[in-house]
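Throughout, numbering of the chain's residues begins at 1 and tracks the sequence.
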Amino acid sequence: MRIDHLQCARCGRKYPKDELRYRCDCGDSIEIVYDYGELAGKISWADLRKRTFCHWRYREFYPGLNKRNIITMGEGGTSLVKSRSIAKKAGCRELLFKMESLNPTGSFKDRGSTVEISQACQYGARELVLASTGNMGASVAAYCARGGIDCTIYVPWSTPEVKLLQMEAHGAIIKRVRGDYTAAALEARGQFEKRGVYLAGDYPYRSEGEKSVGFEIADALGTDYDYIACPIGNGTLLHGIWKGLKEFKMMGLIDRLPRILGVQAEGCNTVVKAFQDNKEIIEPVQPHTLMDAVACGDPLDGSWALKALRESGGIGIAVSDDEAIRVRDMLAREEGIFAELSGALSTAGLMKAYENGMIEKGLKVVSLVTGHGLKEPEAARYRPSKP
């Protein structure tokens with residue numbers, strides 16, 4: 001679609017569509033707003049379903065790109081796997097796992113990378129910099145290799161070695177930072193400001209790519225489900241899913257929206273705390289969690305994620321490392337699904353919400369498995385600290 005303008009989550013300020021901008025002047029996150037009239041009445045399920053079931057099936061809902069600039073590896077089109085065991089324990093009528101671990105580099109990040117790196121190619125970028133806790137770096141490194149773009153990645157010192165190896169395999173230069181994701185993001189942004197290199201990460205174009213998780217759920221289920229359980233790190237995935245589903249409803253492809261169950265690690269519960277305290281401002285924290293993939297103490301898209309939880313009439317809940325470990329092991333032993341610890345966060349949050357009486361019994365829920373267990377094989381040995 002044709003972009004109309006960019007807009008801030010907090011203050012609502014608008015920016016020109018052609019401006020290469022990552023944040024609002026007020027410091028908060030921005031999103032892309034389209035000229036929706038351009039597409040209204042011109043797209044149908046019959047049109048979409050003539051195409052392969054993958055991320056680019058829904059190309060009209062992404063920023064307009066020249067076909068020659070699209071960098072893709074067939075991402076998306078991931079399975080919905082029906083629970084055989086955990087559904088009963090979570091009080092669900094039906095529980096479906098959206099297997100984002102089956103994307104080309106092993107996580108949902110590939111959906112954002114295909115749009116973001118394609119956009120970088122369209123801008124003519126030859127060099128790129130970003131910050132990552134691991135999965136995004138591995139994904140961007142792969143797509144940059146395919147697009148012929150040099151890539152430098154700033155990572156927290158604690159980033160798992162196997163994720164660093166995946167980045168290096170694709171030719172990325174790794175810069176380890178003594179600090180958390182926020183410190184790495186400051187370093188990456190500093191390189192953009194000093195040298196003018198293309199800055200990638202949890203910014204507007206990535207959020208546009210991650211909309212396709214919601215598109216595929218709607219494609220497969222229509223509106224026959226009640227909740228999407230989604231992890232929150234920077235909040236970009238949750239925001240993207242909600243934005244995409246609202247666009248589908250606006251275009252008449254669906255007639256109602258689900259509720260969102262947003263799940264964070266207790267040791268990094270910025271968005272959930274603001275939601276539960278009914279606050280507008282998200283207070284940054286120093287992360288303390290084994291779930292490194294969601295350890296974003298100052299979430300870049302936190303304001304958008306908070307808006308999505310409230311608009312959907314959803315729930316925010318925080319999960320301890322021990323609770324996530326137990327559910328990760330349950331997924332592996334009872335469902336045959338090997339998830340990284342952060343990849344089990346959605347399901348752990350769903351089970352906790354049911355146990356705490358926060359959601360009713362008998363719902364149909366989609367829970368996102370965001371990353372493969374092979375992303376952090378050493379973490380498979382983590383045992384709960386409490387019996």
Side-chain angles (χ1 to χ4, degrees), residues 1-39 59-71 111-132 136 140 143-144 147 149-154 182 184-212 234-237 239-240 242-244 246-247 250 282 296 298-308:
M1 270 189 290
R2 186 177 67 82
I3 297 172
D4 188 74
H5 62 273
L6 309 177
Q7 187 162 0
C8 176
R10 183 191 300 169
C11 70
R13 181 172 177 177
K14 297 179 181 180
Y15 294 93
K17 63 182 180 180
D18 297 325
E19 185 173 346
L20 185 57
R21 172 171 283 275
Y22 299 95
R23 307 286 282 176
C24 178
D25 288 343
C26 78
D28 217 314
S29 180
I30 56 176
E31 74 168 1
I32 292 169
V33 179
Y34 296 102
D35 176 4
Y36 292 107
E38 178 187 40
L39 192 58
R59 56 182 176 264
E60 287 87 354
F61 292 87
Y62 310 137
L65 289 162
N66 293 329
K67 192 171 182 180
R68 67 177 181 276
N69 291 322
I70 292 177
I71 309 300
R111 296 178 184 270
S113 293
T114 186
V115 171
E116 188 171 46
I117 303 310
S118 296
Q119 189 66 46
C121 285
Q122 186 133 318
Y123 274 120
R126 306 309 307 161
E127 184 180 359
L128 176 151
V129 65
L130 79 152
S132 173
M136 182 162 57
V140 168
Y143 282 77
C144 279
I149 298 174
D150 293 335
C151 179
T152 300
I153 305 171
Y154 288 83
T182 301
L186 287 172
E187 291 284 349
R189 186 171 179 83
Q191 289 299 306
F192 157 71
E193 291 170 347
K194 289 175 187 175
R195 301 196 295 117
V197 294
Y198 192 93
L199 178 63
D202 282 320
Y203 300 113
Y205 287 106
R206 175 162 294 274
S207 182
E208 291 303 303
E210 291 171 5
K211 292 190 302 189
S212 64
N234 266 324
T236 310
L237 174 60
H239 166 51
W242 184 243
K243 182 173 187 274
K246 287 195 297 181
E247 290 172 349
M250 190 186 307
I282 295 170
C296 306
D298 189 7
L300 294 174
D301 271 340
S303 294
W304 286 119
L306 186 60
K307 282 177 179 286

Item to check | Closest non-hydrogen atom pair between Pro63 and Ile3, with its separation | outcome: CB-CD1, 4.0 Å

Item to check | Spatial distance of atom CD (Glu60) from atom CG (Leu39) [nearest 0.5 Å] | outcome: 6.5 Å

Next on the checklist: Using every non-hydrogen atom in the two residues, find where Leu65 and Ile70 come nearest and quote the distance to one decimal.
Outcome noted: CB-CG1, 4.2 Å

Next on the checklist: Could you check whether any side-chain N or O of Asn234 sits under 3.5 Å from a backbone N or O of Leu300, counting only pairs where one atom can act as donor and the other as acceptor?
Outcome noted: yes

Item to check | Validation row: Thr236, Trp304 side chains within 4.5 angstrom (heavy atoms) | outcome: no

Checklist entry - Side chains of Asp28 and Ser303: do they bring a donor and an acceptor to under 3.5 Å? => result yes

Next on the checklist: side chain to side chain contact (heavy atoms under 4.5 Å, CB included) for Asp150 and Val197? Distances and angles first, verdict last.
Outcome noted: CA-CA 10 Å; Asp150 293 335; Val197 294; over 6 Å; no

Item to check | Main-chain N/O of Phe61 paired to Lys211 side chain as donor or acceptor, under 3.5 Å | outcome: yes

Checklist entry - Considering residues at least two apart in sequence or located in another chain, which fulfil the ring-ring contact (aromatic ring centres under 6.0 Å, His included) criterion with Tyr62? => result His55, Trp56

Next on the checklist: Rounded at 0.5 Å granularity, tell me how far CE in Met136 sits from CD in Glu116.
Outcome noted: 7.5 Å

Checklist entry - Run the side chain to side chain contact (heavy atoms under 4.5 Å, CB included) check on Leu306 and Ile282 step by step: do they pass? => result CA-CA 9 Å; Leu306 186 60; Ile282 295 170; 4.3 Å; yes

Item to check | Over all atoms of both residues, closest heavy-atom pair of Val115 and Tyr205 | outcome: CG1-O, 3.4 Å

Checklist outcome for this item: Between Tyr15 and Asp25, the two heavy atoms sitting closest are OH-N, 2.9 Å

Checklist entry - How many angstroms lie between atom OG of Ser118 and atom OH of Tyr123, to the nearest 0.5 angstrom? => result 13.0 Å

Checklist entry - What distance do Gln7 atom CD and Ser29 atom OG have between them, rounded to the nearest 0.5 Å? => result 11.5 Å

Checklist entry - Would you find a donor on one side and an acceptor on the other, under 3.5 Å apart, between the side chain of Arg206 and the backbone of Gly201? => result yes

Checklist entry - Yes or no on side chain to side chain contact (heavy atoms under 4.5 Å, CB included) for His239 and Lys307, after CA distance, side-chain angles and deciding distance? => result CA-CA 8 Å; His239 166 51; Lys307 282 177 179 286; over 6 Å; no

Checklist entry - Which residues pass the salt bridge (Lys or Arg N to Asp or Glu O under 4.0 Å) test with Arg23, sequence neighbours left out? => result none

Checklist entry - With distance as the sole test, does Ser207 use its side chain to make a donor-acceptor pair with the main-chain N or O of Pro204 at under 3.5 Å? => result no

Next on the checklist: Taking Asn66's backbone N and O only, do any of them form a donor-acceptor pair with Gln122's side chain (distance below 3.5 Å, no angle check)?
Outcome noted: yes

Checklist entry - Can you name the residues that form a ring-ring contact (aromatic ring centres under 6.0 Å, His included) with Tyr36, not counting sequence neighbours? => result Tyr34

Checklist entry - Do the non-hydrogen side-chain atoms of Val140 and Ser132 ever get within less than 4.5 Å of each other? => result no

Next on the checklist: On a heavy-atom basis, which atom in Ile149 and which in Cys121 lie closest, and how many Å separate them?
Outcome noted: CD1-SG, 3.8 Å

Next on the checklist: Please report the interatomic distance CG(Leu6) to NZ(Lys14), rounded to the nearest 0.5 Å.
Outcome noted: 11.5 Å

Checklist entry - Between atom CG of Leu130 and atom OH of Tyr203, what is the distance when rounded to the nearest 0.5 Å? => result 9.0 Å

Checklist entry - What closest approach, in Å, do Ala131 and Ala188 show between heavy atoms, and which atom pair accounts for it? => result N-CB, 3.8 Å

Checklist entry - Judged by atom type as modelled, is there a donor-acceptor pair below 3.5 Å linking the side chain of Lys17 to the main-chain atoms of Arg2? => result no

